[in-house]
Q: 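Just passing along the structure, written as structure tokens.
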Amino acid sequence: MRASYSCPVDERERFLIRYAGSFAPEPIARAEGAWVETASGKRILDFTSGQICSTLGHNHPRIAAAVRSALDEVVHLNSWMLSEPVLALGERLVGLVPEPLDRVLLLNTGTEANEVALKMAKMHTGRWEVVGLTRSFHGLLSGIASVNFSMAHAGYGPVLPGSYAIPAPYAYRCPVRHCDGACDCTCLEVGFELVDQQSVGALCALVVEPVLSAGGIIVPPDGYFSRVRELVDERGMLLLMDEAQTGFGRLGTMFGFEHDGVVPDLVGVSKTLGGGLPLAATITSSAIEQDCYDKGFLHVTSHVSDPLPAAAGLAVLDVIAEEGLVERSAARGAYMLERLRELQAQHEPIGDVRGRGLLVGVELVEDRDTRAPADALGAAVTRECYERGLSMNIVRSQAHANCFRIAPPLMVTEEEIDLAVEIMDASLRAVREPAAA
Ligand SMILES: Cc1ncc(COP(=O)(O)O)c(C=O)c1O
């Protein structure tokens with residue numbers, strides 16, 4: 001696969017452990033806004049926002065300024081010492097979430113934010129069975145990874161006992177073979193029936209993404225989360241929303257959970273909070289925090305409550321508010337969806353286009369009747385797009401990798417969206433009809 005890219009591989013790659021297949025063909029030397037530039041000067045439109053973190057675009061000057069002043073003031077402290085950026089960011093985050101969410105713990109990664117939320121849920125409820133959705137992704141360290149049902153179990157030994165999956169509301173390929181195109185939540189009811197029959201009576205929490213991203217941009221139908229809240233409450237479970245990708249505007253709302261007006265018990269935010277720096281947070285209520293505190297809750301890591309990333313997080317929240325990026329995401333997302341639906345009308349292999357805000361999936365199929373996943377086409381088009389200057393992810397869930405995940409920075413322009421759609425169009429044509437291209 002690697003050989004088809006037209007630039008040479010840096011031979012120093014051989015000193016690195018490969019953690020996710022192969023690396024991109026050429027090192028990146030610079031990045032700005034929606035663009036990255038390779039060492040040899042090739043400019044690439046980054047429609048993955050890095051790892052979905054650079055929602056303000058790459059190297060936003062306000063983040064750079066915040067980091068510079070943190071370097072002059074204070075970078076890192078003993079975990080029991082607080083600093084102005086940490087106190088200010090805690091207060092700002094509480095101001096953004098609904099009651100009774102009013103307590104924040106500042107961490108580094110999305111995995112950690114979810115892990116801490118689960119630890120608190122277990123300590124608070126005294127239970128330990130955790131439910132996730134098929135096609136979900138919540139992080140790659142053992143505890144939370146037990147409820148990653150899209151990938152990454154094979155080869156790493158046992159998952160935690162009491163980890164259960166319910167079917168994801170994937171309307172294009174209904175997991176319970178009931179709906180076609182519009183989910184009526186039968187999968188959710190069936191899923192909880194299965195959970196009830198497997199549970200040993202220690203149901204603790206349901207962990208869920210507002211839109212399932214790595215599993216193929218699965219957008220739950222309206223009302224899904226209201227029903228989730230009821231089902232969870234009936235069982236005395238807690239609801240943990242994983243807003244790693246969706247928090248702070250990606251879906252056209254400040255948080256994904258706002259869509260159904262549901263208030264979770266615990267929230268994990270991460271990628272989109274640091275704007276490219278490692279910053280994450282677990283958010284919960286005083287009731288849960290106090291109970292865990294009384295029971296001796298412990299989560300001390302080297303970089304808990306570090307001032308430098310917190311200063312970056314404050315800059316991210318300032319820019320989101322000042323530049324109206326939440327509203328911008330809703331408007332540009334609608335535009336992008338429309339442009340991609342026009343592209344679908346011209347390309348038979350585009351079986352489905354779905355998304356919310358600036359998180360959009362384009363699913364490729366062999367033909368629209370059988371809907372057989374077109375994995376090879378997906379890989380070829382991704383490579384062709386990269387050659388032509390557009391970086392996009394193809395996401396892998398279970399056996400297949402046939403859905404583009406398109407997630408540009410929230411400040412993307414309509415012209416950049418048009419350019420990306422043009423490159424996708426040309427790449428699809430070049431791969432499908434090489435002679436004509
Ligand atoms: C929804 C979701 N949750 C959690 C994570 C894990 O975050 P991190 O890689 O920062 O640990 C990811 C990463 O892709 C994610 O997409």
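Atoms within each ligand, like the ligands themselves, are counted from 1 in listed order. None of the values given here were measured: they were computed from a predicted structure.
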Q: Please determine, by modelled atom types, if T38 and E26 share a side-chain donor-acceptor pair under 3.5 angstrom.
A: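 A donor-acceptor contact under 3.5 Å links the two side chains.
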Q: Residues two or more places apart in sequence or in another chain: which of them pass side-chain contact (heavy atoms from CB on, under 4.5 Å) with D306?
A: H76, H303, P309
Q: Please answer whether the main-chain N or O of R371 pairs with a side-chain N or O of R173 as donor and acceptor at a distance below 3.5 Å.
A: yes
Q: What pairs of donor and acceptor atoms, side-chain ones from residues 78-99 against any protein atom, are under 3.5 angstrom apart with sequence neighbours left out?
A:
{"residue": "N78", "atom": "OD1", "partner": "W80", "partner atom": "N", "Å": "3.0"}
{"residue": "R92", "atom": "NH1", "partner": "D318", "partner atom": "OD1", "Å": "3.0"}
{"residue": "R92", "atom": "NH2", "partner": "D318", "partner atom": "OD1", "Å": "3.0"}

Q: Select all protein residues for which some heavy-atom-to-ligand 1 distance is less than 4.0 Å, and list them by chain and number.
A: T109, G110, T111, N114, F137, H138, G139, E209, D242, A244, Q245, K271
Q: My understanding is that only residues two or more places apart in sequence, or in another chain, count here; which of them pass side chain to side chain donor-acceptor pair (under 3.5 Å) with T111?
A: none
Q: Would you confirm whether K271, through its side chain, and G110, through its main-chain N or O, come within 3.5 Å as a donor-acceptor pair?
A: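 No; judged by distance alone, with no hydrogens or angles, the pair does not exist.
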